[in-house]
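By convention in this document, chain letters (A, B, ...) are assigned in the order of the sequence lines, proteins followed by strands, and residues within each chain are numbered from 1.
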Protein chains: 2
Amino acid sequence: MPSLPIHPAGLSQPKFSQLNGFASDFLSHPQPFRPYKVPESDDDVKDDPKVELESKDLWDSFHKFGTEMVITKSGRRMFPPFKVKVSGLDKKAKYILLMDIIAVDDCRYKFHNSKWMVAGKADPEMPKRMYIHPDSPSTGEQWMQKIVSFHKLKLTNNISDKHGFTILNSMHKYQPRFHLVRTDDVLKLPYSPFKSFIFKEMEFIAVTAYQNEKITQLKIDNNPFAKGFRDTGGGKREKK
Amino acid sequence: MPSLPIHPAGLSQPKFSQLNGFASDFLSHPQPFRPYKVPESDDDVKDDPKVELESKDLWDSFHKFGTEMVITKSGRRMFPPFKVKVSGLDKKAKYILLMDIIAVDDCRYKFHNSKWMVAGKADPEMPKRMYIHPDSPSTGEQWMQKIVSFHKLKLTNNISDKHGFTILNSMHKYQPRFHLVRTDDVLKLPYSPFKSFIFKEMEFIAVTAYQNEKITQLKIDNNPFAKGFRDTGGGKREKK
DNA sequence: ATCTTTCCCACCTAGGTGTGAACC
DNA sequence: ATGGTTCACACCTAGGTGGGAAAG
């Protein structure tokens with residue numbers, strides 16, 4: 001066997017990526033997590049995680065009118081993007097950061113007379129996937145160093161989706177959640193201490209086309225990719 | 001501590017990513033690897049890795065004229081991109097795949113009278129970084145499933161580069177190498193069995209501007225991002 | 001003078017937006 | 001008739017090309 005002199009001049013941390021950062025199926029059934037802190041253990045006095053939602057003001061301005069998120073067959077990102085600042089982690093410990101999206105209630109909605117109203121019982125929900133942040137696992141120090149972004153998560157209404165996108169029902173209400181798990185390996189996820197966070201202002205209704213024009217305008221005004229639809233300056237379209 | 005019901009409906013494999021897939025500095029000094037196969041051990045009869053260079057014909061057509069790779073301050077990809085098909089791995093074992101680029105000789109070159117000639121002794125080399133494939137570590141099965149691409153590697157001549165790009169000397173000759181390490185953790189890299197591969201047709205001279213117009217033409221004809229410079233059809237430029 | 005490097009540019013690829021008509 | 005969904009599209013962001021003038 002030839003033996004070349006290799007000099008690894010610097011090596012990075014284990015991360016998640018590919019498959020759009022999404023999940024495969026070897027742990028495809030709901031599993032309970034162990035509580036985050038077990039008083040008897042020595043391991044858990046080392047951190048006290050705090051999580052702050054980025055662009056809270058922007059989320060609030062959407063939430064005020066009733067946030068809508070478009071879902072498409074080919075997959076659509078959320079806007080605003082879900083980003084958090086994390087602090088209070090154990091710098092040396094490894095963490096996996098995840099998010100998922102759960103149904104808020106058992107209702108189907110409709111937008112009638114400029115208002116969202118209950119329109120019956122919810123359709124059956126598809127099993128929800130966990131979106132593991134592609135940098136996972138990383139040390140507490142690395143997570144706290146920069147803003148953690150989940151903007152690559154995609155939503156779809158295609159129940160046959162093979163990309164690993166999050167499948168939602170149109171005209172149903174959802175709540176994103178954020179999970180912080182202290183572990184160095186995905187395989188240990190189900191048995192590792194964790195903490196979960198919910199930001200009420202991130203609640204939204206999934207739609208295939210925007211219902212509330214105030215929401216449409218907020219998207220256009222704030223999403224750089226929709227700049228082409230702005231009245232002012234940059235865009236080429238004029239309001240009539 | 002609130003304990004939300006989490007259902008991880010599928011979890012993916014540990015990967016590398018971010019920092020452009022590049023290295024940080026906690027293992028920043030050359031280290032010897034253990035030989036790939038140790039006869040006394042049980043662990044090593046499980047695989048017999050084979051590696052095949054993708055687009056070998058394209059590499060050959062460049063190599064025939066003397067491949068040149070542009071290096072810039074802001075970082076430049078290689079073209080053709082380095083891609084391999086891997087086979088003969090242990091499906092269940094985990095591997096980390098890496099590449100690096102080493103100086104071929106101790107010479108500085110110049111392009112004179114349409115030929116590359118030695119023009120003196122080489123300039124001092126910067127320490128070379130290992131580029132760890134962002135999907136690392138993954139199982140043999142996953143690596144063999146699809147073509148493994150290192151196209152995101154970037155070359156630079158900026159000795160102060162902070163991105164983790166590979167720093168090369170202009171007008172010097174280089175040889176990319178490919179390394180296959182059987183391990184599930186970067187931290188174990190220096191002590192894990194490995195195998196290295198070299199493709200002679202990937203040898204190149206680093207330049208800040210193309211010297212051989214035949215190389216320029218091959219790049220334009222084959223790199224999709226240079227389509228704008230093609231004479232034929234798609235492009236808008238006309239040769240004069 | 002000659003050779004090499006730098007910078008901005010037009011021109012691409014790749015892919016994220018809401019639109020509005022068509023479809024169901 | 002109504003309401004929800006789909007699709008091609010123009011218009012963006014983001015970033016990978018070599019050219020050519022200017023600089024070193």
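Taking every side-chain heavy atom of B:Thr208 into account, C:dT6 is the closest of D:dG3, C:dG18, C:dT6.
If you take NZ of B:Lys214 and P of D:dG18, they are 19 Å apart, rounded to a whole angstrom. At whole-Å resolution of the value, CZ in B:Phe111 and P in C:dC3 are 12 Å apart. In this structure, OH of B:Tyr210 is placed 15 Å from P of D:dG20, rounded to the nearest angstrom. Rounded to whole angstrom, the span from the CZ atom of B:Phe229 across to the C1' atom of C:dT13 amounts to 14 Å. Atom CD1 of B:Ile215 and atom P of D:dG18 are 11 Å apart (whole Å). Rounded to whole Å, atom P of C:dT17 lies 19 Å from atom CG of A:Asp231. When rounded to the nearest whole Å, the span between NZ of A:Lys152 and C1' of D:dA14 equals 12 Å. If you measure from atom CD1 of B:Ile71 to atom C1' of D:dG16, you get 17 Å, rounded to the nearest angstrom.
A side chain to side chain contact (heavy atoms under 4.5 Å, CB included) with A:Tyr174 holds for exactly one of A:Ile205, A:Asn169, A:Ile102; it is A:Asn169. The only member of A:His172, A:Glu68, A:Met78 that meets side chain to side chain contact (heavy atoms under 4.5 Å, CB included) when paired with A:Phe204 is A:Met78.
Residues from residues 72-79 of chain B with heavy atoms under 4.0 angstrom of DNA chain C, sorted by number: B:Lys73. Within a heavy-atom distance below 4.0 Å of DNA chain D, the residues of residues 218-226 of chain A found are A:Pro224, A:Phe225.
For the pair B:Ala209 and B:Gln211, the tightest heavy-atom approach, listed with the atom from each and the gap, is O-NE2, 2.8 Å. In terms of heavy atoms, B:Pro137 sits closest to B:Ile96 at CB-CG1, 3.8 Å.
Annotation: side chain to side chain donor-acceptor pair (under 3.5 Å) contacts of B:Asn223 (sequence neighbours excluded): none.
An OP1 or OP2 oxygen of D:dT13 is reached within less than 4.0 angstrom by a side-chain nitrogen or oxygen of A:Lys227. Considering only side-chain N and O atoms, A:Asn157 lies under 4.0 angstrom from the phosphate OP1 or OP2 of D:dT6. Close to D:dT2, at under 4.0 Å from its OP1 or OP2, lies no side-chain N or O of A:Lys110.
At a threshold of 4.0 Å, the pair B:Arg108-B:Asp123 counts as salt-bridged, since one of the basic side-chain nitrogens sits closer than that to a carboxylate oxygen. Taking the charged nitrogens against the carboxylate oxygens, A:Asp60 and A:Lys56 do have a contact shorter than 4.0 Å, which makes a salt bridge. Contact check on A:Lys128 versus A:Asp100 returns no salt bridge, with no Lys/Arg side-chain nitrogen under 4.0 Å from an Asp/Glu carboxylate oxygen.
No hydrogens or angles considered: a donor-acceptor pair under 3.5 Å links the side chains of B:Gln142 and B:Thr139.
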